[in-house]
J.: 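Handing you this structure, nothing more for now.
Chain letters run A, B, ... following the sequence lines, proteins first, then strands; residues in each count from 1.
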Number of protein chains: 2
Amino acid sequence: MNSEFNIAVHCLTLLSLKKDHMANSDEIAKSVCTHPARVRKVLGLLRKQGYVTTKEGVGGGYLLNADSSKVTLGDLYRLLARGSLQPSWCSGGGESTCVVSEHIQEVMERIYSGGELALERHYDNITLLDVTRDIQSENQP
Amino acid sequence: MNSEFNIAVHCLTLLSLKKDHMANSDEIAKSVCTHPARVRKVLGLLRKQGYVTTKEGVGGGYLLNADSSKVTLGDLYRLLARGSLQPSWCSGGGESTCVVSEHIQEVMERIYSGGELALERHYDNITLLDVTRDIQSENQP
DNA sequence: TCATCTGTAATTATATGCATAACAGTTTTT
DNA sequence: AAAAACTGTTATGCATATAATTACAGATGA
């Protein structure tokens with residue numbers, strides 16, 4: 001599991017809470033605590049989906065382009081983390097002629113994708129707005 | 001995400017389908033398509049939870065010690081994969097004094113553990129017996 | 001007592017994830 | 001027109017995580 005989903009949630013939350021809804025990759029990277037190039041990579045994907053727009057050149061950066069009550073964690077999971085439940089190595093698929101060995105891969109694939117569906121359904125009920133509220137309420141305990 | 005959960009499902013399914021419900025780590029490893037030592041490691045954990053018993057010495061091996069309609073994938077997930085939804089690297093936690101950076105980790109931890117709970121609930125509804133049936137029906141299409 | 005099997009730790013190899021550097025392309029400012 | 005400040009993207013190195021492999025002590029049955 002890589003953390004691009006996490007980074008996407010972080011970036012969008014940050015943009016959502018900024019007064020003008022804008023920041024550049026350097027500023028965002030400091031908050032995320034990673035390298036600006038990594039932020040640009042993730043935000044590039046979010047741009048292609050229309051969640052942010054970018055302004056190049058001097059004074060440029062990323063601008064939130066979505067209603068935070070409409071964007072769900074499910075959307076972001078599907079975009080950035082889908083498929084990560086299934087490990088790269090899976091059992092079976094060798095020379096063995098045992099029934100389990102011959103069919104476990106199809107069965108496990110269904111198990112993983114079913115699990116992922118349950119996960120996505122759960123995340124579909126959490127919006128970016130919910131996250132921003134959580135951040136703010138953490139700030140005033 | 002490592003694949004011990006997958007290996008556990010595979011091993012228990014195999015034992016469940018064997019006539020005498022018994023096999024040694026060499027035989028199981030061939031079906032799983034991995035090294036016997038890895039099988040022993042996973043089955044050692046399952047033994048501690050009582051899902052299998054082991055017989056050492058000549059003619060020994062692992063013996064299924066559970067009702068396959070009672071063991072769920074949720075049980076196995078909790079035992080072998082819990083926590084794997086949250087990546088080892090997470091955003092925030094650096095020097096930045098930005099509100100998001102300061103609180104994102106607690107918020108993301110809740111998001112990941114909530115997601116995992118949804119996943120576990122889903123897996124709680126799938127029993128080992130269901131998996132063995134899936135394997136068998138894959139075998140007779 | 002010997003052969004066989006588990007339990008477990010240590011080591012090596014490989015894959016993945018992250019950091020970093022570099023640079024082309026775009027836009028604004030001067 | 002030129003310089004500066006950005007994004008977009010690729011390539012490379014390094015750290016960590018995962019799996020394979022080896023090794024051996026301990027237990028058991030023949």
J.: Side chains of B:Thr72 and B:Asn125: does their closest heavy-atom pair fall under 4.5 Å?
T.: no

J.: Sequence neighbours excluded, which residues qualify as salt bridge (charged side-chain N to carboxylate O under 4.0 Å, His left out) partners of B:Arg121?
T.: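 B:Arg121 satisfies salt bridge (charged side-chain N to carboxylate O under 4.0 Å, His left out) with no other residue.
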
J.: Would you say that B:Glu4 contacts B:Lys41 through its side chain, given a criterion of any heavy-atom pair below 4.5 Å between the two side chains?
T.: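 Yes, close enough: below the 4.5 Å cut-off.
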
J.: From CE of B:Met22 over to C1' of C:dT6, roughly how many Å is that when rounded to an integer?
T.: 11 Å

J.: When the distance from CG of B:Leu63 to P of D:dG29 is rounded to whole Å, what number comes out?
T.: 14 Å

J.: Measure from CD on B:Glu27 to P on C:dT6 and round the result to the nearest Å.
T.: 10 Å

J.: Does B:Ser3 place a side-chain N or O at less than 4.0 Å from the phosphate oxygens OP1/OP2 of D:dA19?
T.: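 Yes, such a contact exists.
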
J.: Take the protein atom CG of B:Leu80 and the nucleotide atom C1' of D:dA19, then report the distance between them rounded to whole Å.
T.: 16 Å

J.: Need to verify one output field. Residue with the more 5' nearest nucleotide on DNA chain C, B:Asp26 or A:Pro36?
T.: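 Result of the comparison: B:Asp26.
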
J.: Less than 4.0 angstrom between a side-chain N/O of B:Thr34 and OP1 or OP2 of D:dA20, yes or no?
T.: yes

J.: Is there a side-chain contact between B:Lys48 and the phosphate of C:dT8, meaning an N or O under 4.0 Å from OP1 or OP2?
T.: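 So the side chain of B:Lys48 is within the cut-off, an N or O lying under 4.0 Å from OP1 or OP2 of C:dT8.
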
J.: With a 3.5 Å cut-off and no angle check, do the side chains of B:Asp130 and B:Thr127 form a donor-acceptor pair?
T.: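 Yes, B:Thr127 and B:Asp130 have a side-chain donor paired with an acceptor closer than 3.5 Å.
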
J.: Going through the distances and angles, do A:Ser31 and A:His10 end up as a side chain to side chain donor-acceptor pair (under 3.5 Å)?
T.: CA-CA 9 Å; A:Ser31 171; A:His10 190 130; 2.8 Å; yes

J.: Measure across A:Leu80 and A:Leu46 and return the closest heavy-atom pair with its distance rounded to 0.1 Å.
T.: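 Closest approach of A:Leu80 to A:Leu46: CD1-CD2, 4.4 Å.
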
J.: According to a strict under-4.0 Å criterion, is A:Ser25 in side-chain N/O contact with OP1 or OP2 of D:dT7?
T.: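 Checking D:dT7 against A:Ser25, a side-chain N or O does come within under 4.0 Å of OP1 or OP2.
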
J.: Quick check against the 3.5 Å criterion: does A:Ser101 have a side-chain atom that pairs as donor or acceptor with the backbone of A:Cys98?
T.: no

J.: Using atom CZ of B:Arg38 as one end and atom C1' of D:dT21 as the other, report the distance to the nearest whole Å.
T.: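 Checked: the CZ to C1' distance equals 13 Å.
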
J.: Nearest whole angstrom, please: distance from the C1' of C:dT20 to the NZ of A:Lys30.
T.: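 It works out to 16 Å between those atoms.
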
J.: If I take atom CZ in residue A:Arg47 and atom C1' in nucleotide D:dG8, what distance separates them, rounded to the nearest angstrom?
T.: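 For the pair A:Arg47 CZ and D:dG8 C1', the rounded distance is 8 Å.
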
J.: Have B:Ser91 and A:Asn6 got a donor and an acceptor in their side chains that come within less than 3.5 Å?
T.: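 Their side chains do contain a donor-acceptor pair, which is all the 3.5 Å distance test asks for.
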
J.: Within the 4.0 Å limit for protein heavy atoms, which parts of nucleotides 21-30 of chain C are touched? Write it as a string from 5' to 3', B for base, S for sugar-phosphate only, - for none.
T.: BB--BBBB--

J.: Expressed as a whole number of angstroms, how long is the span from A:Lys41:NZ to C:dT20:C1'?
T.: 15 Å

J.: Should the ring pair B:Phe5 and B:Tyr77 be called parallel, tilted or perpendicular, given that the plane angle runs from 0 to 90° and is split at 30 and 60?
T.: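 Ring orientation, 0 to 90° scale: perpendicular.
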
J.: Starting at the 5' end of nucleotides 11-16 of chain C, put B wherever the base has a protein heavy atom under 4.0 Å, S where only the sugar-phosphate does, and a dash everywhere else.
T.: -----S

J.: So, does A:Trp89 get its side chain near the phosphate of D:dA17, meaning an N or O under 4.0 Å from OP1 or OP2?
T.: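 Answer no for this pair, as no side-chain N or O of A:Trp89 is under 4.0 Å from OP1 or OP2.
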
J.: Can you confirm whether A:Tyr62 sits close enough to A:Arg47 that some side-chain heavy atom of one is under 4.5 Å from a side-chain heavy atom of the other?
T.: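 No - every pair of side-chain heavy atoms lies 4.5 Å or more apart.
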
J.: Which residue, A:Gly60 or B:Cys33, contacts DNA chain D at a nucleotide closer to its 5' end, judged by nearest heavy atom?
T.: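 Its nearest nucleotide lies further toward 5', so the answer is A:Gly60.
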
